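From a predicted model like this one, the values you see are computed outputs, not experimental measurements.
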Amino acid sequence: MHHDAVPEATEPIDTHESTPTPTSQDPQGPVRDLCMSVFDRWRCTREDGHDGLHASGDDGMSATWNDGAAGRRLRWR
């Protein structure tokens, strides 16, 4: 079995070598145009920075939620 050499603890590790530039700092990067809020399996499909409730829908199902529910999951009993 082949193992790659592990750097010694005193050797610096270059963590920035393959780290991409964050899109917020990359002028050529993609522009985020959709809201990033999620609730359970739903991702908001409204524009970024919108007012009011978050909303999502597909295949005849839909969901709306406020900022207090963002990032949470539903519990089934």
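- Here CG of Leu34 is found 9.0 Å from CD of Glu47. Values are rounded to the nearest 0.5 Å.
- The CG atom of Leu74 sits 10.0 Å away from the CH2 atom of Trp42 when rounded to the nearest 0.5 Å.
- Residues His50 and Cys35 have side chains in contact (heavy-atom distance under 4.5 Å, counting atoms from C-beta outward).
- Separation of atoms CZ (Phe39) and CZ (Arg72) is listed at 9.0 Å; rounding is to 0.5 Å.
- Put simply, the side chain of Asn66 never gets that close to the backbone of Leu53: no donor and acceptor are under 3.5 Å apart.
- At a cut-off of 3.5 Å, with distance as the only test, no side-chain donor of Ser56 or Trp65 sits close to an acceptor on the other residue.
- With Thr45 contributing its side chain and Ala55 its backbone, the two residues share a donor-acceptor pair below 3.5 Å.
- The backbone N or O of Arg41 sits nowhere less than 3.5 Å from a side-chain atom of Arg73 that would complete a donor-acceptor pair.
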